[in-house]
Amino acid sequence: MSKPAIPRGTRDFSPEQMRRRNYIFDTIRSVFARYGFEQIETPTMENLSTLEGKYGEEGDKLMYRILNSGRVLDKIKEVGPNVKISDLTEKGLRYDLTVPFARFVVMNQNDIAFPFRRYQIQPVWRADNPQKGRYREFYQCDADVIGSDSLLNEVDLLSIIVDVFKLLNVGFKIKLNNRKILAGIAEVIGAPEKIIDITVAIDKLDKIGLDKVKEELRSKDLSDAAILKLEPIILLSGSNEQKLATLSDVLKSSEIGLKGIEETRSILSSFALLFPQADHVEVDITLARGLNYYTGAIIEVKANDPRSKFTSSICGGGRYDDLTGIFGLPNVSGVGISFGADRIYDVLEEAGGFPDFSTVSTRLLFVNFGEQEAAYCLNLARTMRNDGVFTEVYPDSAKMKKQMTYADKKKIPFVALVGSNEMTSGMISVKNMTSGEQHQVPAGELSSFIKNHNS
RNA sequence: GUGAUUGUAGCUCAGUCGGUUAGAGCGCUAGAUUGUGGAUCUAGAGGUCGCGGGUUCGAGCCCCGUCUUUCACCCCA
């Protein structure tokens with residue numbers, strides 16, 4: 001037998017880690033609910049026809065495929081070299097929550113009240129190379145509104161982001177872009193198919209400098225004239241309004257580009273009414289995520305906490321005008337965001353930002369002195385639990401030292417010693433494990449004693 | 001997917017030029033202490049040196065493969 005192991009990029013979670021993870025999930029869940037979002041779940045696996053082609057070439061490569069049940073090898077032998085992938089696999093693990101949601105909406109369109117606000121907190125799988133903050137199995141926490149074009153939805157989502165990170169007390173920065181602005185840029189320089197190349201190159205400005213960016217654009221077959229037009233965009237800076245002003249000048253001939261600017265202004269001004277002093281949102285035209293389906297706003301949140309070096313993306317999202325179209329329900333617009341719980345965990349961990357959860361586990365342990373005593377304690381424990389005190393009775397009449405050590409390790413703050421003396425007198429000996437003090441407490445007052453003594 | 005990097009006790013890590021029986025700290029178990037945890041002392045258990053192959057009289061150490069760790073690119077939460 002070799003040593004047991006888990007697959008690359010996956011993790012076990014200890015009780016302590018789960019307390020912290022649930023804190024994150026519960027916080028996000030409560031904010032979603034507060035905004036009227038309702039929870040759904042979808043299956044771990046989907047048909048490949050649902051998943052494939054939705055995430056671009058890269059996404060298809062990173063998708064986990066499930067071998068058909070039955071004898072795949074026999075199939076290969078039977079069909080020979082002409083065997084098709086679809087003979088071997090027709091299901092895959094979900095790669096994100098948005099595409100399964102779109103499928104869900106199409107399948108349940110007659111039962112859904114639009115605009116539909118749904119949230120979904122489930123793991124997704126990607127066959128990516130693991131690194132810090134990058135896992136092969138991780139949770140996404142999605143909130144989407146589908147069936148409404150209103151930009152107020154974008155504003156809702158932005159304010160959800162602010163609420164979540166305020167509650168978690170994580171420093172953050174929201175980046176906002178608009179696919180229509182990117183389309184406008186491509187239109188103005190006459191190279192619509194080059195949007196991705198352009199944004200990727202511009203994004204490197206801080207790292208490699210203006211000249212190298214131009215060089216890279218040239219290597220992507222952009223004309224010198226186009227690069228000259230792009231220059232004010234590459235060097236875009238200042239306040240959000242200054243950036244948008246520069247953009248509207250460059251994009252004045254592009255209807256779609258101007259539409260994108262108008263949308264962004266509208267979102268920003270509504271947001272500013274809600275958070276007058278806040279500077280959470282920054283317009284950033286290098287944000288080019290999800291270009292395969294985003295059509296309007298593009299949102300990304302980066303960790304920006306002085307206590308943590310983590311600066312990667314902890315939340316992302318955007319608007320897709322026609323996501324359900326590919327499943328046969330055209331012209332339904334959606335907008336959504338997705339929190340990366342695992343990365344938020346990493347940031348909070350590094351920042352030391354988790355609250356103390358010691359009071360959510362066992363508060364009282366009954367030491368087991370033997371059969372009769374244990375039976376008596378079991379009854380007392382039942383009362384304690386009914387009174388809301390998290391209680392355990394040590395299951396074996398092991399040595400005191402062992403039972404005390406157990407309480408110590410589990411950080412159980414109170415230990416009750418109930419032997420024959422206590423059983424006859426009805427006075428329970430309660431030891432405070434932090435101070436070491438011991439008190440005699442009437443059995444009937446035990447729960448109030450525990451509740452009134454914080455330890 | 002490309003290029004680096006890591007792996008020795010439960011954990012963190014030593015291990016010289018390739019040379020006898022692979023070590024330490026912490027943790028664990030037992031005792032000192034039969035109704036009292038943490039501190040101290042004593043004793044003890046615990047190893048396929050990631051795995052498989054190769055070179056060598058001899059491999060934890062060198063070579064190849066593989067898995068794993070971390071990192072960069074790419075992409076992303």
Side-chain angles (χ1 to χ4, degrees), chain A residues 1-11 24 28 55-63 94-98 121-142 161 164 172 196-197 199-200 203-204 207-208 287-292 294 298-303 310-318 336-347 365-370 373 394 397-423 428-438:
Chain A
M1 274 284 272
S2 53
K3 283 183 184 174
I6 55 175
R8 191 172 159 77
T10 65
R11 295 151 301 153
I24 295 172
I28 292 172
Y55 310 103
E57 211 177 307
E58 195 70 21
D60 284 352
K61 267 192 225 159
L62 299 179
M63 200 179 302
R94 79 168 97 72
Y95 181 87
D96 74 356
L97 301 178
T98 307
I121 298 176
Q122 288 188 271
V124 303
W125 292 267
R126 295 181 189 178
D128 210 340
N129 236 332
Q131 286 183 32
K132 198 176 213 67
R134 173 172 302 190
Y135 308 101
R136 285 182 160 176
E137 176 184 58
F138 61 96
Y139 271 74
Q140 289 193 330
C141 312
D142 276 35
I161 290 171
V164 165
F172 66 101
I196 292 176
D197 288 338
T199 54
V200 166
D203 190 33
K204 294 181 182 167
K207 274 187 194 166
I208 62 178
L287 221 198
R289 63 171 53 254
L291 286 182
N292 287 301
Y294 289 148
I298 305 174
I299 300 164
E300 169 160 307
V301 184
K302 295 207 164 199
F310 232 91
T311 57
S312 61
S313 173
I314 49 177
C315 179
I337 51 171
S338 176
F339 290 89
D342 303 80
R343 286 186 175 174
I344 294 170
Y345 183 103
D346 290 342
V347 176
L365 174 77
F366 284 95
V367 168
N368 186 329
F369 284 112
E373 293 88 340
Y394 197 89
S397 61
K399 285 182 182 157
M400 267 290 257
K401 184 184 169 85
K402 186 163 182 173
Q403 301 193 42
M404 294 301 279
T405 304
Y406 173 80
D408 191 44
K409 269 194 181 163
K410 261 191 97 169
K411 297 190 166 63
I412 299 173
F414 295 99
V415 170
L417 303 152
V418 187
S420 49
N421 293 343
E422 286 83 357
M423 281 167 70
I428 309 299
S429 300
V430 183
K431 176 158 183 166
N432 180 324
M433 293 295 278
T434 316
S435 65
E437 288 169 15
Q438 200 156 313

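Residue numbering restarts at 1 for every chain, and letters A, B, ... go by the order of the sequence lines.
A donor-acceptor contact under 3.5 Å is not formed by the side chain of A/Gln403 with the base of B/rU36. The base of B/rC71 is not paired with the side chain of A/Arg134 by any donor and acceptor separated by under 3.5 Å. Checked by distance alone, A/Asn129 brings a side-chain donor or acceptor within 3.5 Å of a matching partner on the base of B/rU2. In terms of polar N and O atoms assigned as donor or acceptor, the side chain of A/Glu422 comes within less than 3.5 Å of the base of B/rG35 in a complementary pairing. Residue-to-nucleotide contacts include no donor-acceptor pair under 3.5 Å from the side chain of A/Lys402 to the base of B/rG37. Looking at A/Lys431, its side chain comes within 3.5 Å of the base of B/rU36 through a donor and an acceptor atom.
Using the six-membered ring where Trp is involved, A/Tyr55 and A/Tyr95 have ring planes that are tilted, between 30° and 60° apart.
In this structure, A/Gln140 reaches the sugar-phosphate backbone alone: every heavy-atom distance under 4.0 Å involves primed, P, OP1 or OP2 atoms, never a base. Across all strands, A/Cys141 comes closer than 4.0 Å to no nucleic acid atom at all (heavy-atom distances). Across all strands, A/Gly59 comes closer than 4.0 Å to no nucleic acid atom at all (heavy-atom distances). A/Ile314 comes within contact range of the sugar-phosphate backbone alone, with a heavy-atom separation under 4.0 Å but no base atom that close. Within 4.0 Å (heavy atoms only), A/Tyr135 reaches at least one base atom of the nucleic acid.
Taking the C1' atoms as reference points, B/rG19 lies 36 Å from B/rU29, given to the whole Å.
A distance-only check finds a donor-acceptor pair linking the side chain of A/Gln403 to the backbone of A/Ala398 [under 3.5 Å].
Under 4.0 angstrom from either OP1 or OP2 of B/rC75 there lies no side-chain N or O belonging to A/Lys61. The side chain of A/Lys399 contributes an N or O atom lying less than 4.0 Å from OP1 or OP2 of B/rG31. Under 4.0 angstrom from either OP1 or OP2 of B/rU69 there lies at least one side-chain N or O belonging to A/Arg8.
A/Lys302 places none of its side-chain heavy atoms less than 4.5 Å from the side chain of A/Phe172. Side-chain contact check for A/Thr98 versus A/Gln140: every heavy-atom pair is 4.5 Å or farther apart.
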Dot-bracket pairing map - RNA chain B, Watson-Crick plus G-U, both contacts under 3.5 Å, | cross-strand: ((((..(..((((.....[...)))).(((((.......))))).....(((((..]....))))))..))))....

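A residue-by-residue look at A/Val418 and A/Lys132 shows that A/Val418 has its nearest nucleotide of RNA chain B further toward the 5' end. Of the two residues near RNA chain B, A/Ala127 and A/Ser313, the one whose nearest nucleotide lies more 5' is A/Ala127.
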A/Val301 vs A/Ile337, test: side chain to side chain contact (heavy atoms under 4.5 Å, CB included). Steps then yes/no. CA-CA 10 Å; A/Val301 184; A/Ile337 51 171; over 6 Å; no

